Structures are given as structure tokens and as C-alpha cells.
Student: 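Dumping the structure here so I can ask a few things about it.
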Amino acid sequence: MTLALVETAAKIAFVFGLNIGVFAPLLGWVERKQSAVMQDRIGADRADVFGFTIIGLFHTMSDTIKLIFKEDFIPRGADRIMHTAAPALALIPALVAFTVIPFGGHYTLWGHNVNLVVADLDVGALFVFAISSLAAYGVVLAGWSSNNNWSFLGGLRAAAQMFSYEVAMGLTIIGLVMFYQSLSLVTIVEKQNEFWHWGIIWHWPAFILYFTCAIAENKRIPFDVPEAESELVAGYFTEYSGMKFIMFWMAEFVEVVTISALCVVLFFGGHHLPFVTDAELISGLGGALYPNFANLAAMGIGILTFIVKVIILIFIQMTIRWTLPRFRYDQVMALGWKLVLPASLIWIFIVGVGILSGIMPRP
Amino acid sequence: MITVNHYIALSAVLFVIGVVGVLTRRNIIIVMMSIEIMLNAANLLLVTFARQSGDMTGHVFVFMVMAVAAAEAARGACDHPRVVQEPRDGGY
Amino acid sequence: MEILMFNLLGGLSVALALGAIISKRPVNSAINLIGTMFCLAGLFAMQDAHLIAALQVLVYAGAIMALFLFVIMLLNVREKVGAESRRQPYWQLLAVVSAGALFVPLVTLGGGKILKFKEAASGFGTTAAVGRLLYTDYILPFEIASVLLLAALVGAVILTKTKIR
Amino acid sequence: MATKIKKIRRNVTLTLWEQSYVPEILRGMYITLEHFFINLWGLILEFAWSGREDRKIATVYYPEESVTPPPAYRGRPVLVLGADGNEKCVACGLCEAACPPQCISIIGAERANGERYPLRYTLDGTRCIFCGRCEEACPKEAIVMSDDWRNLCEYDRSKMIYEKADLLVPEEKLAGRLAFIRDKAFGKDRY
């Protein structure tokens, strides 16, 4: 009982530390520096400690300090409670969605069975969509409560966009669920033990559709119409400052990580190394001689593989962000309803035919 | 120890709240939300009896109720702006 | 533990539902109702209805309430202060009477037979079990529900279009 | 002069390949990633030894490095100090007349040998628009636009009114600009 509690607490601490402590601040730096290097610029490198700048990494610290001490401004006429609650409502769902994502497999350490997921839910994928649909509330309420026309328009745009793409996003996954015969993300990862059962092999159209929907759901370029700087000042967070402002940014970055993690789990085999199954890995590390240490090493390798895959997908998202121009608003909605939604429905049909005719062997 | 009676009581209280909301409020959106409360009270009861009898038919019914509620909300969402634009039929 | 969770979730859901029908501004009442939906999802999960709990959050809290909030926000643009007039007194009397009528069985519930929960079978309320039921015994209602949703979709499109080409 | 008319297709119909978005997005990403990896490699080289030329960087580390403007650049207008230690200006007043915002004011005087010189030459830096008309009007190549772009701002407007002593710059420092004016005024490319 106590051991299980300690294990759960450790896993929650790992997930939160990874998201809030490592990825969220680091992505702010990555976004600046990667865009700079991509666009033949130098990027932020001025913050230094005793003359060391370590390629601008101190900017994350100096930005945090600056934002903590900034004035926390609530505009007159704003709904004070909603205005304060909205950033938290945007950030919390992004974090909670990570609880059902497995970042490793099953390992036996000194007789104790460790399953590297905070909550192994039977309805894992559905839970992620349910929670991510709630992220819209934070944005909508932020836009509404600011009592500012730009914010309001941004909130409305965000609401329409997020609800539209949610439908398509749910449908893109159905094919995978039919293929793996489970909604539980842990089961889906287990079934991707063999490289030829990875989602990307059979379901690459679903991956493209899902990735598009996920970026649109996260309101990042090329779908950043709710916060379009050239049209609405900053969209729904125009009236925010200081820590509340940065909470929206953190929510965005945490969602980038969550989307990448979900993609890794659904399409890229989770923690599995390509061509090496878990059992082979443990036996290869000397599982017969030192079972505990082999399991521990396999666990480390599994988590590392997972994180590396997540980082690669984050890099791809960042590259897309700094490559493409913004869609027009009607184009965003047309893409969602007229292209992605029918395409995902067609894909479900194709997967059904493929499974029934035996072309797509189910793992 | 939680018994079925606890859930029946909770469901009844929620249903009464929904009824009172429908009967006392005039804002059509809040009336619709009160109807949602009543539907949810019924859902709670369905799930409770499904659990008590060990038969999942109740869950299927909840599923249907949700589908109906979604259809109703979709219809209502596009209906409300029209009602408010022409307020003479007393919608708002 | 269970009774604590029940009291917490049940009390919270009742309080938030009350807040939903009492609060003056529609946005506040929508937010309160979202909270109610959440608490009910928790209560569903307590009764091993995992799929229904997830659907409650996804459909009710995620989609239906979002639609309500969207409509309220759109209407809020031209909202007049104090637009809501009181109902006639006999409506309120009717509300009190109906509430009282429903509370009578509630009061007698304590004296009646106490129904206890049985131990749930394994796999109760999981996606696979409910899905199997939906696609075998209840395939016809399921299809009718899908047709209903399609009709609502088409109806919504037609209702909102001012000019149909 | 025959005008060359270029026809532009406005209503472009995309091919099916272009309409499917993904290949075109990948093409765009290939371009950005090419820049990214070339610059990343240069960045690593720059850490090992100074390999600035391995990067395609278009920006400079400003306070440490700065750009040298080309000779056509019009910076702060200055008076040319001749090799003999006297300013070349003869206080003819043509620049004063040519200046659109009228920021120049001259008080002329005569030396013992009969040469004219400006007793006071005031240039109001708050009004100067860096048009270069003074330079064009000057018959003696006495006022030129320097490449000085740093000392243009002050916290106090009264400090921006330049007297003759602030404006005088030795001739050899302005050689590039003077050669450029001569080329422009008397060379092949005169306009």
C-alpha cells in the first residue's frame, strides 16, 4: 500500500517535473533560438551570469524573474474571478491529460511490479480527448472576461476552432482503436512491441490528419487565428500580464509536449526501441543474471527512448510553426470541416475494409 | 457504506433543482440548462440501478440520453440567436 | 473513503446545480453547470461506469456546455441589463408544489427498504462490455440515435443559413 | 521607353499535388531545415573556434560589432576640415538656402587674406532630415553626409544643436564619401 503510494507519487512528480520543470521553460528558449537559427539570426543571447551566456539559456531564468515581478493587471470592467481563473483553466487540462500517457512499460523491480503510467484507465484515449476539450474553456473565458473586443473575438474564434477540430481529432483515432482493439493507451503501447505493429506503418494518413488537428487544437501557427497578432492584438490574452500571461504560454508548451507524447504513444511505439522488443531488451541486458538491474536499465532506456521521440516530434512542430504562414480564418474552418473530417471518415472505412479482408493484420 | 438510497436521494434533489429552475427562470438558456440538470439526474439513477442489478442496459440508456441531449443542444444553439433577434414570441 | 467521496461530490454537485439556477448571469450559471457535470462524472466513475464517466466529461462538459457557453457569449454582446423579468407568482407556486411533491418520496426513502449494492462483475461498465451491448442487443436504438444526430446536424445547418442556395 | 508588362495569374488553380498540402509543407520545411542545420553546424564550429563564416548569419552582435555603411549612406552631415587646418566652407549660404527643413544657419566673416569663412555654422540636429541637399548644393565640397549613425541621439534636445566645432571632421576621414560624390557628380553615372 505505502509502496504503491510512493510509486504513484514518484510518477506524478516525474510527469509534473518533466512538463513544468523541464519542457515548459525550455521550450520557450527552444522556440526563440530555433527560430533564430532557422532564419539566419543569432537569437537571444544577452542574459549572462559572470559572462557566461550558454547560448541564451539564462534567458529562461531572467524571463521568469521578470514575469514574477511584473504588475498583475486586471482591466476595469473585467470579470475579476473569471479573469483570474482562466489561465489556470487553460493550464490544468493540459497537465492532467498527461496522466494517462504511459512513458514506459511494465518492469519488475525487486518483486515489485512497476507500470510506468500515472493512471492506467480503460478509457485512456477518450479521457485525453475529454480533458483536452476542456482546455477550450480557459481560452474562451479569458477572452470573454477581459472585457475587450479583441480578446472577445479571439475567444470566440478559439472556441469555434477548437470545437471543430475536436470532432475531427476524435475521428482520426478511431481507425487506430479498431486496429489495436483497445482505448487504453497502455494496451496500445503493449501491442506496438514489434516494430511492424507501430501505428505509423499502417496508419500514416491518420497520423497526418491527427497531427494537423492537434496543432489546430493547440492554436499554433499555421492555425493561430485566435491570437493573430496582425488582426487581433494578441487575441484572448491581450489583457493579461505577468504570471497569468505566462500561464497561457506554459499551457501552450505543455500541450505541445502532450500532443507529441500522445503521437509517440499512438503512432511511434511509445517507449519501444525499433526492432527490439521489451523481453529481448531485458534479456540482452543480462536479465537472467541480474533481473533487477536489467529491469532498471531497461526502464531507463525505455524512458529515454520515449523522451527522445517526444523531442523529435516537438522539433517537427516547432519547424512547422516557423515555416508556414497563417491560414485565413475561413480557410481554417474549411480545412477542418471539408477536408480533415471527411478524410478521417474515409480512413475509418478503409481501415474497416482492411481489417475485415485481412490486409491489415491486427496485432 | 453507500447504498442505492443515497444515490436515489441525490438524484431526486438534482431533479427538483432542475424542475424549480425550469419553472422559475425565464431566460431560455437557463431553462435549457435546467432541463440538462433533470436529464443528468435521470442518468445518475440509470447508472445506479445498472450497478445495483449488474446489468449494463442502464449504461446504454445513458448513452442514448446523451445523444438526445447533444442533438437538443445543437438545435438549441442555432435556435437561440433567432429567438433573441425576434423577441416578440417571448423567448427571452 | 467512499462515503467521503460521495458526500463531497454529491454535495458539490447539488451546490453547483443550485448556483446554476440561482445566478443572475447566464455565464456564471453555465460555469456552475459544468462543475455539476464534473461531479456527476465522478459519481459515475464511483459506480464503475467508466465509459459513461468519460462520455459525461466529453459530451456534457466538453461539447454541450461549450455550445451553451458559446451561445451565451454571442448573445452577451447585445444583452441588456436586467433583461430577465420575473415569472408570474403562480408559476413559482407551482414550482414549490412540485418540489414538495417530489420531496415526499425522498423523506419516506429513509424509512423504506434499503437497497445495497452487489459486488460488480469484472469488466462491468468498461468500454468493451458496453460497446458489445450497444452493437448487438441495442443496435437499432443506436442507429436511430445516429440518425437523430444527423438530423440535428442538418437541421442546425439549415436553421442558421439565412439564404439557401 | 517601352514598358515591359509582366502578366501575373491572380486566380491560381492549384494542381492536385499542391492541393494535398503535405508535400508542399515538407518542401517548405526542407528549406528551413537546411538553413537550420547549416547554421547549427556553424554554431558548433563557432564554439570550437571562431567560425563565423560557416554560418549564414545576417545579423551582427551589435555593441561588440557594427556594420560599416556603404559610401552612399547618408548619416550625420559634417563640415570638411581641410588639410591646411581651415574649414573648406566659404559661407556662401547655398546650403542654408537648399535645406528643406531650414536647419542650417550661417554667419559669415572674412579672414585677413580676404577669404570668407563661417564665423558660426549652426546645424539643428533635431530638424535635419538627412536628405543631402546641402551636400548637393555645396560648390566647395565643404559639407558632406558622413557615415556616422551612432551619435545622433541625445537625452536632451539642446545638445542636438551642433556648432561648428562639433561638425568639423578632417578630410581624410571622409575620403570615401568625397570620392563617391565626385563620381556621382562628374563621373559616368552622373544624373
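Please read these numbers as outputs of a predicted model, since none were measured by experiment. So that the names make sense, note that chain A is the first sequence line, chain B the second, and so on, each numbered from 1.
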Student: Is the count of non-hydrogen atoms from other residues, nucleotides or ligands lying under 6.0 Å from D:Gln102 atom CD greater than 12?
Tutor: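 Not buried by this count: 12 neighbours or fewer within 6.0 Å.
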Student: Roughly how far, to the nearest 0.5 Å, is the CG atom of D:Leu26 from the CD1 atom of A:Ile320?
Tutor: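 A:Ile320 CD1 to D:Leu26 CG: 8.0 Å, rounded to 0.5 Å.
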Student: When rounded to the nearest 0.5 angstrom, what is the spacing between OG1 in D:Thr32 and CZ in A:Arg321?
Tutor: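 The OG1 atom of D:Thr32 sits 13.0 Å away from the CZ atom of A:Arg321.
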Student: If you look at every heavy atom in A:Val37 and D:Leu40, which pair is closest and at what distance?
Tutor: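 Where A:Val37 meets D:Leu40 most closely, the heavy atoms are CG1-N, 3.9 Å.
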Student: Mark yes when over 12 heavy atoms from residues, nucleotides or ligands other than D:Tyr30 sit less than 6.0 Å from its OH; otherwise mark no.
Tutor: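 For D:Tyr30, atom OH is not crowded (no more than 12 foreign heavy atoms under 6.0 Å).
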Student: With a sphere of 6.0 Å drawn around CZ of D:Arg116, does it hold more than 12 non-hydrogen atoms of other residues, nucleotides or ligands?
Tutor: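 Yes, the 6.0 Å shell around CZ holds more than 12 heavy atoms from other groups.
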Student: Can you tell me if CZ on D:Arg120 sees more than 12 non-hydrogen neighbours from other groups inside 6.0 Å?
Tutor: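 12 or below, so no.
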Student: For D:His35 and A:Met38, which heavy atoms make the closest approach, and how far apart are they?
Tutor: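 That would be CB-O, 3.4 Å.
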Student: Nearest 0.5 angstrom please: D:Ile25 CD1 to A:Thr212 OG1, how far?
Tutor: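 The CD1 atom of D:Ile25 sits 7.0 Å away from the OG1 atom of A:Thr212.
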Student: Show the nearest heavy-atom pair for residues A:Gln34 and D:Phe36, with the distance to one decimal.
Tutor: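 Of all heavy-atom pairs spanning A:Gln34 and D:Phe36, the closest is CG-CE1, 3.5 Å.
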Student: Determine whether more than 12 heavy atoms belonging to other residues, nucleotides or ligands lie under 6.0 Å from atom NZ of D:Lys173.
Tutor: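 12 or below, so no.
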Student: Would you say A:Phe349 has more than 12 foreign heavy atoms packed within less than 6.0 Å of its CZ?
Tutor: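 Not more than 12 within 6.0 Å, no.
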Student: Do other residues, nucleotides or ligands put more than 12 heavy atoms under 6.0 Å from D:Arg111 CZ?
Tutor: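 Check passes, neighbour count above 12.
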Student: Can you tell me which portion of A:Phe315 sits under 4.5 Å from chain D's heavy atoms? Options are side chain, backbone, both or neither.
Tutor: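 When you check distances to chain D, only side chain atoms of A:Phe315 fall under 4.5 Å.
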Student: Testing the basics here: between D:Met29 and A:Thr323, what is the closest heavy-atom pair and its distance to 0.1 Å?
Tutor: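 Looking at all heavy atoms of both residues, the closest pair is N-CG2, 3.7 Å.
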Student: Of the backbone (N, CA, C, O) and the side chain (C-beta and beyond), which part of A:Leu335 lies under 4.5 Å from a heavy atom of chain D, both, or neither?
Tutor: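 Contact with chain D: side chain only.
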